[in-house]
K.L.:
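Take this structure, written in structure tokens, and hold onto it; I'll ask about it next.
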Amino acid sequence: VQLQASGGGLVQTGGSLRLSCAASGRTFSNYVMGWFRQAPGKEREFVSVISRGSLRFAYTDSVKGRFTISRDNAKNTVYLQMNDLKPEDTAVYYCARSTGWSMSTADFGSWGQGTLVTVSS
């Protein structure tokens, strides 16, 4: 299975971006999907996670109320709508999958290349 994130770019403070993560294979709906990010010089961190059937969500505190995760199992795609972006959101954003509910980087795999989000002040 390969995961390919896209949709990143340069945006001003307060702007919006929508990230997409397309998965190959036929088992996308079997996995919990997560978004993570890694800023320069920092560890990769959890951003958001969504359950298989989109009934359960979680966000890191710093993005609550600004980011929304969703998925379309028919399209093998998970999304991250990012609104009211701040300079501290600047990072490479990755999607990954897990066999169980988790917010830990260690429990996720099939990491793709990521997509860079840069928020200018």
K.L.:
Out of Trp35, Phe57, Phe108, which one pairs with Val49 under the side-chain contact (heavy atoms from CB on, under 4.5 Å) rule?
P.N.:
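Of the listed residues Trp35, Phe57, Phe108, the side-chain contact (heavy atoms from CB on, under 4.5 Å) partner of Val49 is Phe108.
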K.L.:
For the side chain of Ser20 and the backbone of Tyr79, is there at least one donor-acceptor N/O pair under 3.5 Å apart?
P.N.:
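Not a single qualifying donor-acceptor pair exists.
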K.L.:
I need the minimum non-hydrogen distance between Lys64 and Asp61, along with the two atoms involved.
P.N.:
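Scanning both residues completely, I find the closest heavy atoms to be NZ-OD1, 2.9 Å.
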K.L.:
Do the non-hydrogen side-chain atoms of Leu80 and Arg37 ever get within less than 4.5 Å of each other?
P.N.:
no
K.L.:
Is the backbone of Arg97 close enough, under 3.5 Å, to the side chain of Ser110 for a donor and an acceptor to pair up by distance?
P.N.:
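Absent.
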K.L.:
Indicate, with yes or no, if Leu116 and Tyr94 share a hydrophobic cluster defined by side-chain heavy-atom contacts under 4.5 Å among Ile, Leu, Val, Met, Phe, Trp and Tyr.
P.N.:
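They do share one cluster, since a chain of ILVMFWY contacts under 4.5 Å joins Tyr94 to Leu116.
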K.L.:
Judged by atom type as modelled, is there a donor-acceptor pair below 3.5 Å linking the side chain of Ser24 to the main-chain atoms of Gln2?
P.N.:
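Judged by distance alone, yes, a pair lies under 3.5 Å.
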K.L.:
I'd like to know if Leu3 and Ile50 are part of one continuous hydrophobic network [Ile/Leu/Val/Met/Phe/Trp/Tyr, side-chain heavy atoms within less than 4.5 Å].
P.N.:
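Same cluster: Ile50 reaches Leu3 through Ile, Leu, Val, Met, Phe, Trp or Tyr contacts under 4.5 Å.
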K.L.:
Which heavy atom in Ala58 sits nearest to a heavy atom in Phe46, and how many Å separate them?
P.N.:
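Closest pair (atom of Ala58, atom of Phe46, distance): O-CZ, 3.7 Å.
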K.L.:
Does Arg66 have any salt bridge (charged side-chain N to carboxylate O under 4.0 Å, His left out) partners at least two apart in sequence or in another chain, and if so, which?
P.N.:
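Listed in chain order: Asp89.
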K.L.:
Can you check whether Phe28's main-chain N or O pairs, donor with acceptor, with Asn73's side chain at less than 3.5 Å?
P.N.:
no
K.L.:
With clusters defined by side-chain heavy atoms of hydrophobic residues (ILVMFWY) lying less than 4.5 Å apart, directly or transitively, does Val47 cluster with Val78?
P.N.:
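As far as the 4.5 Å side-chain criterion goes, Val47 and Val78 are connected within one cluster.
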K.L.:
Count the heavy atoms belonging to other residues, nucleotides or ligands that lie under 6.0 Å from CD of Gln113, then report whether that count exceeds 12.
P.N.:
no
K.L.:
Look at the side chain of Arg18 and the backbone N and O of Gln81, then say whether any donor-acceptor pair between them is shorter than 3.5 Å.
P.N.:
no
K.L.:
Measure the OG-CE distance between Ser98 and Met33 for me, rounded to the nearest 0.5 Å.
P.N.:
10.0 Å
K.L.:
Lys42: which residues meet the side-chain hydrogen bond (donor to acceptor under 3.5 Å, both in side chains) condition with it, sequence neighbours left out?
P.N.:
none
K.L.:
Of all the heavy-atom pairs spanning Asp84 and Ser16, show the shortest one and how long it is.
P.N.:
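Reported closest heavy-atom pair: N-OG, 4.3 Å.
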K.L.:
With a 6.0 Å cut-off on ring centres, are Phe67 and Tyr59 close enough?
P.N.:
no
K.L.:
Identify the heavy atoms of Phe36 and Met103 that sit nearest to each other, and give their distance.
P.N.:
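The answer is CE2-O, 4.3 Å.
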K.L.:
So which heavy atom on Ala39 is nearest to which on Thr90, and how close?
P.N.:
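Shortest heavy-atom separation between Ala39 and Thr90 comes out as CB-O, 3.6 Å.
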K.L.:
Would Val32 end up clustered with Trp111 when hydrophobic side chains under 4.5 Å apart are linked, directly or stepwise?
P.N.:
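As far as the 4.5 Å side-chain criterion goes, Trp111 and Val32 are connected within one cluster.
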K.L.:
Taking the side chain as C-beta and beyond, is there a heavy-atom pair between Ser29 and Arg52 under 4.5 Å?
P.N.:
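The answer is no; the side chains never approach within 4.5 Å.
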K.L.:
Search all heavy atoms of Ser102 against all heavy atoms of Asp107 and return the closest pair with its distance.
P.N.:
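Result for this residue pair: OG-OD2, 2.7 Å.
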K.L.:
Got a second to check how far Leu19's CG is from Ile69's CD1, nearest 0.5 Å?
P.N.:
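Separation between the atoms: 10.5 Å.
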